[in-house]
Q: 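One structure coming up, written as structure tokens, with questions to follow.
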Amino acid sequence: MGTTDNKPTPTEPTKLTKEQRLAQAREYAKQFKFDTLSPEELKKIRRNAYAYLL
């Protein structure tokens with residue numbers, strides 16, 4: 001019944017530059033190709049995917 005606090009300390013995530021994050025988002029968005037969606041809908045999905053990665 002020790003009182004030691006051995007809480008794991010979270011490690012800092014690797015900081016990516018804006019360009020690296022954008023490249024990652026574009027690669028992620030390329031995974032989603034739908035023939036039944038309009039170009040505007042695809043843009044919206046890609047924007048959401050980019051926002052998700054940030």
Side-chain angles (χ1 to χ4, degrees):
M1 289 191 206
T3 58
T4 58
D5 290 330
N6 290 334
K7 294 180 183 175
T9 55
T11 57
E12 279 294 314
T14 306
K15 299 290 183 185
L16 299 176
T17 65
K18 183 178 179 181
E19 291 79 17
Q20 289 170 324
R21 290 194 314 265
L22 184 58
Q24 263 188 344
R26 284 186 176 141
E27 288 301 314
Y28 179 75
K30 284 180 186 177
Q31 297 174 15
F32 303 99
K33 296 186 184 213
F34 302 100
D35 295 332
T36 57
L37 297 177
S38 72
E40 289 301 315
E41 290 171 321
L42 285 173
K43 284 181 189 176
K44 187 184 292 186
I45 290 170
R46 288 188 180 117
R47 283 190 201 117
N48 288 341
Y50 177 71
Y52 175 77
L53 286 175
L54 295 180

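Predicted, not measured: the structure shown is a model, and the values here were computed from it.
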Q: I'd like to check the side chain to side chain contact (heavy atoms under 4.5 Å, CB included) partners of Glu19; sequence neighbours left out, ordered by chain and number.
A: Thr17
Q: With rounding to the nearest 0.5 angstrom, report the CD to CG distance, Glu27 to Leu22.
A: 10.5 Å
Q: Hey, could you give me the CZ/NZ distance between Arg26 and Lys30, rounded to the nearest 0.5 Å?
A: 8.5 Å
Q: Report the distance from atom CZ of Arg46 to atom NZ of Lys43, rounding to the nearest 0.5 Å.
A: 9.5 Å
